[in-house]
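Scroll down for the structure; my scribbles are underneath it.
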Number of protein chains: 2
Amino acid sequence: MTSETTEARVLDAIRERRDLVNAAIDEELPIRRPERLYEASRYILEAGGKRLRPTVTMLAAEAVTDVDPLSMDYRSFPSLSGDPVDVMRAAVSIEVIQSFTLIHDDIMDEDDLRRGVPAVHEQYDTSTAILAGDTLYSKAFEMMTETGADPTDGLEAMRLLATTCTEICEGQALDVAFEARDDIEPDEYLEMVELKTAVLYGAAAATPAVLLGADEEVADALYQYGIDSGRAFQIQDDVLDLTVPSEELGKQRGSDLVEEKETLITLHAREQGVDVDGLVDAETPAAVTEAEVEAAVDALSAAGSIDFAREMAVDLTERSKEHLDVLPENESRRLLEDIADYLIARGY
Amino acid sequence: MTSETTEARVLDAIRERRDLVNAAIDEELPIRRPERLYEASRYILEAGGKRLRPTVTMLAAEAVTDVDPLSMDYRSFPSLSGDPVDVMRAAVSIEVIQSFTLIHDDIMDEDDLRRGVPAVHEQYDTSTAILAGDTLYSKAFEMMTETGADPTDGLEAMRLLATTCTEICEGQALDVAFEARDDIEPDEYLEMVELKTAVLYGAAAATPAVLLGADEEVADALYQYGIDSGRAFQIQDDVLDLTVPSEELGKQRGSDLVEEKETLITLHAREQGVDVDGLVDAETPAAVTEAEVEAAVDALSAAGSIDFAREMAVDLTERSKEHLDVLPENESRRLLEDIADYLIARGY
């Protein structure tokens, strides 16, 4: 499915763009008065992150306009009618939305670590974290109004950004609500994943098509590319939690099971009659033994649940790449295909 | 300055529009899946509120286009070039932003009551309150993309909304930061009030001018009208806390003093050498006596601080009305002037 070469190409594409993205974040989000607010707003952005979504945005701009990778200034990217559009600002806008959701989600989920550093509400305080998220939210919208695109296209991009944010909130609300329920259907889970995770990939891929004046059909196809690869990514995440050794995973294998987090895998297993709640006795990831996780994984595997999830991730990835058929054949389109493969082939 | 007739006119103008605004809120924010999220998002909007900002938006639309009050359908309001614009949607968008800030501010300030009912984080929980605010935030942006205005004007209105939200966050951050400082300058206080409170009045007044295609000069003047009357409103709020009997105020008179909240009045008094921190011994509004408040008010009054604030509120109100000189003389413009007077003449 994916070769080491594919992964190398994707990591190169990300690496080649990361400094550009980071420089643009510096420019778009300067530390200004009140300094503490802007420092807190920048904190998670500076703690790392692959810049995968901005990379998707930049590649989609190139693929749609059929220009070579890195051949154009992203700050002044020629639209299909030749007028310059600040595609980089749109890319940063998407990344900034992602950061806002991480900051608020960490408060809600009481997650104290993010990207290896304390979460904003731990490093600062909850009030500052709420406000830092709110500031990133409006800053992202400010940026999207300032791409220089044709106003009709600019307004359409704003609409996409706003509905995407609403959907992310709906997805997070469903995720929180699921914790109190024991009768979730796999379809509901997939809907939650689509809203919470995939729509922002969709927006990252479709926004340049909108801003650069591509046909609606092209923008829709790129959106679906993002949706399907985003869903595959999240499902693969659930698989990796069970199948990758703890050392590689960077956290205890089977954490989701121990923490009773429902995934497509557990939902499928329940449908097959597996007593999912009885699989692991330990109550914290620190208390579980590898033997207990191994037995649980064997049971889920025997029920076909891990294969079920893995196959769905593969199917979604294939579908995501097919959406790109509307684009001209070029190097950036191939890199978008590589990214879809990479999202389900990566280690952790 | 203000007669009972002025107040009656303003209250009539608000009353005549409130049902329209509430019906539009129902239409723009239907309770849909996930229901709990949308119920929480609607909760404060349904608990009341004068709908003052939407009223300002509707009056500004009429004043700019020189039509009689209530003579047009706000959902299909003729722009200066004759094309229909959904001014009501813009008005609801502004009100929804106000609600979002109330919900998040109440979490940060640990205020458990709002509009006489439990705050959202009390009625539901903190996670739901964060998410309800985030949802209102994106919904407000969604609405503003859907006014049907000329795209250039629509994008400009989005820009105004986004920068306004950023400024509100900055104002709230300054307000929080001020709590830990004892060296705040009156000018800093006024900057905080402008950002935290006044800019949204500015946006409420200027947005219809932008959407309906008025000259930039007109939009700017309406924005300044909102800024100056919004600042006057907040300063008057500080005066009322000291001068209105507790029964009328609906809370203990002098609460700001007891809670050591800096206002323009205390900052002025400090400059006059008054030992503001020594004015009230009680540590909670419940523990303070009327006699203690009375003595404190006398000391602030003797220092000229209450008059200083009151005069500034009056000056700002006069200035706010002068900005309206760029508009044609009509009934809606007079009502906007009345609202400015009302904001500093109201009881509580």
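We use all heavy atoms of the structure for the numbers below, so side chains are in, but hydrogens, waters and symmetry mates are not. Just so you know, these numbers come straight off a predicted model, no measurement behind them. Residue numbers begin at 1 in each chain, while the letters A, B, ... track the order of the sequences.
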Looking only at heavy atoms and a cut-off of under 4.5 Å, which of Glu110(B), Glu191(B), Met143(B), Glu156(B) has the most pairs with chain A?
Glu191(B)
Please determine if Arg159(B) and Glu146(A) form a salt bridge, counting it only when a charged side-chain N lies under 4.0 Å from a carboxylate O.
yes
Where on Ala177(A) is there a heavy atom nearer than 4.5 Å to chain B: the side chain, the backbone, both, or neither?
neither
Plane angle bin for Phe141(B) and Phe141(A) - parallel if under 30°, tilted between 30 and 60°, otherwise perpendicular
parallel
Counting heavy-atom pairs under 4.5 angstrom with chain B, the leader among Leu155(A), Asp109(A), Ile168(A), Asp134(A) is Asp134(A)
Can you say whether Glu35(A) sits under 4.5 Å from chain B via the side chain, the backbone, both, or neither, judging by heavy atoms?
neither
At a heavy-atom separation under 4.5 Å, does Glu167(B) approach chain A through its side chain, its backbone, both, or neither?
neither
Do other residues, nucleotides or ligands put more than 12 heavy atoms under 6.0 Å from the CD atom of Glu216(A)?
no
Winner by heavy-atom pair count (cut-off under 4.5 Å) against chain A, out of Ala173(B), Ser138(B), Ser127(B):
Ser138(B)
What is the distance from atom CG of Leu131(A) to atom CD of Gln172(B), rounded to the nearest 0.5 Å?
6.0 Å
Carboxylate-amine/guanidinium proximity below 4.0 Å for Glu170(B) and Arg33(A):
no
Leading residue by heavy atom contact count with chain A [cutoff under 4.5 Å; candidates Met144(B), Met158(B), Arg36(B)]
Met158(B)
Step through the shown structure and confirm whether more than 12 heavy atoms of other residues, nucleotides or ligands are within 6.0 Å of CG on Asp182(A).
no
Below 4.5 Å from any heavy atom of chain B, which atoms of Thr126(A) appear? Answer side chain, backbone, both or neither.
neither
When Thr135(B), Thr128(B), Ile130(B) are compared by non-hydrogen pairs under 4.5 Å with chain A, the top option
Ile130(B)
Note: Cys169(B) and Leu37(A) closest approach over all heavy atoms is O-CD2, 3.9 Å
